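Predicted model, so just to flag it, every value in this text is computed and none were measured.
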Amino acid sequence: MSFKNHLAGALLALAALAAAAQDKVVYHISDASTQALAGLRNLRNHKDVEPDADIIVVAHGAGVDFLMDGAHDKSGEAYDVLVSALRSRGVRFEVCEITLKNRGLKKEQFIQEADFTPSGVVRVSQLQHQGYAYIKP
């Protein structure tokens with residue numbers, strides 16, 4: 001086999017690996033009142049099109065409010081149902097612990113689907129360095 005054929009085979013193999021690579025995305029929510037509902041809809045659509053996508057939602061500041069127990073949107077719909085459905089599809093939701101401290105909130109005030117991270121902005125940065133695409137709805 002010639003060098004060109006080996007090279008072409010290697011390039012095809014690399015292209016196949018790239019095509020098979022899992023989509024990795026971090027959704028950044030810093031204001032629940034303006035971003036949560038749109039973000040949850042984007043997440044649902046994302047998973048509908050790319051069910052194997054590795055998606056992490058990082059919330060900090062006023063963005064954590066939609067993950068609090070009993071939170072609902074402007075029309076009165078509870079966020080927890082949407083979050084639970086997305087969690088069952090593999091989406092992870094992380095709340096900034098600095099926000100909890102600054103706002104005097106407790107982990108027990110959040111829905112069970114919420115995980116916690118020491119710093120929301122640091123987590124977003126770390127995920128981007130790990131190859132996660134950044135989306136801010």
With [X] via side chain to side chain contact (heavy atoms under 4.5 Å, CB included) - residues at least two apart:
X	result
Leu82	Leu37, Leu40
Ser75	Asp73, Glu77
Glu113	Val83, Ser84, Arg87, Ile111
Lys101	none

Salt bridge (Lys or Arg N to Asp or Glu O under 4.0 Å) with [X]: which residues, sequence neighbours excluded?
X	answer
Lys136	none
Asp65	Arg103
Arg89	Asp48

Compile the donor-acceptor pairs under 3.5 Å between side chains in residues 52-61 and protein atoms, sequence neighbours left out, one pair per line.
| unit_1 | atom_1 | unit_2 | atom_2 | d |
| --- | --- | --- | --- | --- |
| Asp54 | OD1 | Arg92 | NH2 | 2.5 |
| Asp54 | OD2 | Tyr132 | OH | 2.5 |
| His60 | NE2 | His28 | NE2 | 2.8 |

Hydrophobic cluster of Ile98, others only, ordered by chain and residue number, side-chain cut-off 4.5 Å: none

Through direct or indirect side-chain contacts below 4.5 angstrom among Ile, Leu, Val, Met, Phe, Trp and Tyr, which residues connect to Val81? none

Closest approach of Cys96 and Pro118, non-hydrogen atoms and distance? SG-O, 4.3 Å

Taking ring pair (Phe, Tyr, Trp, His ring centres under 6.0 Å) as the definition, give me every residue that meets it alongside Phe66, ordered by chain and number, with sequence neighbours left out. Tyr79

If you look only at pairs with a residue in residues 116-125, which of them pass as a side-chain hydrogen bond (donor to acceptor under 3.5 Å, both in side chains), with sequence neighbours excluded? Glu94-Arg123

